[in-house]
Amino acid sequence: MILTVTLNAALDVTYETPQVSWDGVNRVAAVHRRAGGKGVNVARVLAALGQDVLVTGLAGGPTGRAVERDLDSAGLAHALVPVAGETRTTLVVAEPAAHTLFNEPGPTVGEDEFADFLRTYEALLREARAVVLSGSLPRGLPATTYATLAAFARDRGVPAIVDADGEPLRHAPDGRPAIIKPNAEELARAVPHGSPEEGAEALRDRGAGAVIVSLGASGALAVTADGTFRARMPYAVDGNPTGAGDALVAGLALGLVAPGPWPELLRRAAALGAAAVAAPVAGAFDPGVYEAVHPLIEIV
Ligand SMILES: O=P(O)(O)OC[C@@]1(O)O[C@H](CO)[C@@H](O)[C@@H]1O
């Protein structure tokens with residue numbers, strides 16, 4: 001199976017509204033509530049593609065239980081390690097032309113709780129063909145956490161993908177993951193000087209096998225051992241971009257369990273990202289958009 005790790009799991013709430021009045025009362029047209037956090041979204045996309053997946057991470061309190069119940073009802077296998085703190089809620093305010101996110105920081109995790117997680121992680125790695133390490137870290141965990149988890153997996157022969165921001169992204173190459181996937185803003189924060197290509201090369205020089213930069217409607221950039229490739233999108237897909245990066249990561253994870261030429265892997269990953277924009281909530285994608293856009297993506 002493919003293991004996805006969501007240390008800062010969330011109950012994702014999406015409010016659809018025609019227009020927000022920031023100093024007034026807003027009536028919400030539609031509400032979606034479901035288990036989220038980036039690794040959960042990756043797992044949803046992989047499961048929809050017929051892959052065997054398992055969700056792990058940390059969950060606590062009534063919100064953590066709501067996350068587990070929602071994973072059960074989605075038919076997603078999970079082994080979330082309990083923590084004393086309360087799992088967070090994230091909120092997307094979705095207007096037709098703007099999507100505003102409010103991400104709570106999440107619980108504070110103790111050393112003993114993380115040690116419990118490591119024991120579970122080690123056991124699950126024995127069955128894993130690839131591991132995805134995604135999203136923010138809850139308070140209490142060091143910025144080296146993803147580097148540690150990637151190195152742990154690598155030592156056991158399991159390739160890892162890291163999708164992180166800030167200090168955890170800066171440290172990620174130290175764990176020598178197979179792939180690091182920042183978006184352009186995250187990459188610019190981690191490597192402030194130079195172009196996205198130079199930034200990606202810098203992360204690769206420091207230990208990542210490949211660096212894939214998601215560029216929103218402009219596609220993606222891949223700096224790999226086989227060369228540098230760009231996915232150019234034929235058109236911009238309208239919708240909710242929240243979770244598009246997670247769908248792209250799901251595509252990259254497929255490439256770790258069934259390797260192929262980078263141009264093909266990148267085209268599929270970029271098509272999944274675009275198809276996720278067409279779905280109203282993170283973790284979903286529109287198969288029709290995927291089929292339509294996939295053959296039109298140019299790889300240069
Ligand atoms: O706060 P993080 O962990 O960086 O991001 C969390 C989050 O906003 O990312 C997903 C979209 O990628 C949402 O489903 C989710 O809750």
Side-chain angles (χ1 to χ4, degrees), residues 4-16 31-48 55-60 63-64 66-67 70-71 74 76 80 83 85-94 98-109 132-141 143 145-146 149 161-170 172 180-187 189-190 212-216 220 239-253 269 272-285:
T4 75
V5 174
T6 314
L7 292 170
N8 211 0
L11 187 67
D12 277 353
V13 178
T14 304
Y15 282 174
E16 288 183 24
V31 183
H32 308 272
R33 273 191 188 84
R34 57 189 219 151
K38 295 190 191 309
V40 170
N41 297 337
V42 173
R44 286 184 190 276
V45 173
L46 287 169
V55 171
T56 189
L58 305 169
T63 313
V67 164
D70 189 62
L71 291 173
L76 282 171
L80 291 165
V83 289
E86 175 86 21
T87 290
R88 66 185 173 147
T89 296
T90 70
L91 175 65
V92 178
V93 179
H99 294 80
T100 309
L101 273 70
F102 297 88
N103 288 1
E104 294 181 5
T108 299
V109 174
V132 178
L133 306 164
S134 311
S136 60
L137 295 173
R139 289 170 290 187
L141 296 187
T145 298
Y146 284 145
L149 296 182
I161 303 182
V162 178
D163 178 1
D165 192 6
E167 285 302 306
L169 169 59
R170 237 192 295 272
I180 297 182
K181 200 296 293 174
N183 63 33
E185 294 76 36
E186 290 162 347
L187 179 65
R189 278 192 282 276
I212 316 302
V213 187
S214 53
L215 303 168
N240 180 358
T242 317
D246 305 331
L248 188 144
V249 168
L252 298 174
L272 283 169
V277 176
V281 287
F285 70 96

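Model, not experiment: these values are computed from the prediction. Position 1 is the first residue of the sequence; numbering continues from there. Below, all heavy atoms of this structure are taken into account, side chains as well, without hydrogens, waters or symmetry copies. Both counts, for ligands and for their atoms, begin at 1 and track the order of listing.
- Among Ala247, Ala164, Ser136, the residue whose heavy atom sits closest to atom 2 (P) of ligand 1 is Ser136.
- At a threshold of 4.5 Å between non-hydrogen side-chain atoms, the residues Thr89 and Thr63 count as touching.
- Listed by number with element, the atoms of ligand 1 under 4.0 angstrom from any heavy atom of Gly243 are 11 (C), 12 (O).
- Looking at Leu248 and Leu272, their side chains never come closer than 4.5 Å, going by heavy atoms from C-beta outward.
- At least one side-chain heavy atom of Val42 sits under 4.5 Å from a side-chain heavy atom of Ser134.
- In this structure, Gly245 does not count as a contact residue of ligand 1, since none of its heavy atoms falls inside 4.0 Å of the ligand.
- By the criterion of a heavy-atom distance under 4.0 Å, neither the backbone nor the side chain of Val92 is placed next to ligand 1.
- The residue Asp165 has no part lying near ligand 1, judged by heavy-atom distances below 4.0 Å.
- Asp12 and Thr90 are linked by a side-chain donor-acceptor pair at a separation below 3.5 angstrom, with hydrogens and angles left out of the test.
- Of all the atoms in ligand 1, the ones that sit under 4.0 Å from a non-hydrogen atom of Asn103 are 1 (O), 2 (P), 5 (O), 6 (C), 7 (C), 8 (O).
- Looking at Ala282 against ligand 1, only its side chain comes within 4.0 Å, counting heavy atoms.
- Counting heavy atoms under 4.0 Å from ligand 1, residue Asp12 touches it through the side chain alone.
- Considering only heavy atoms from C-beta on, Leu76 comes within 4.5 Å of Arg44 through its side chain.
- At least one heavy atom of Thr242 sits closer than 4.0 Å to an atom of ligand 1.
- Close approach to Asp246 involves these atoms of ligand 1, each under 4.0 Å from a residue heavy atom: 10 (C), 11 (C), 12 (O).
- The atoms of ligand 1 that sit less than 4.0 Å from any heavy atom of Thr90 are 16 (O).
- Each of the following atoms of ligand 1 lies closer than 4.0 Å to a heavy atom of Leu101: 8 (O).
- Side chain of Thr87 to main chain of Gly60: a donor-acceptor pair is present (N/O by atom type, distance under 3.5 Å, no hydrogens or angles).
- Inter-residue side-chain proximity for Val13 and Val31 is flagged as met; some heavy-atom pair is nearer than 4.5 Å.
- Of the charged side-chain nitrogens involved, none lies within less than 4.0 Å of a carboxylate oxygen, so that Glu186 and Arg189 do not count as a salt-bridged pair.
- For atom 9 (O) of ligand 1, the closest non-hydrogen atom on the protein side is Lys38 NZ, 3.0 Å.
- Using a 4.0 Å cut-off to heavy atoms of Gly135, the atoms of ligand 1 that qualify are 3 (O).
- Within the 3.5 Å criterion, the main-chain N or O of Ala10 finds no donor-acceptor partner in the side chain of Arg88.
- Nearest protein heavy-atom neighbour of atom 10 (C) of ligand 1: Asn41 ND2, 3.4 Å.
- For the pair Arg88 and ligand 1, a heavy-atom separation below 4.0 Å is found.
- Looking only at side-chain heavy atoms (C-beta outward), Leu169 and Tyr146 stay at 4.5 Å or farther from each other.
- In terms of heavy-atom proximity, Pro138 sits nearest to Pro107 at CB-O, 3.4 Å.
- Inclusion of Asn8 in the set of residues having an N or O under 3.5 Å from an N or O of ligand 1 is not warranted.
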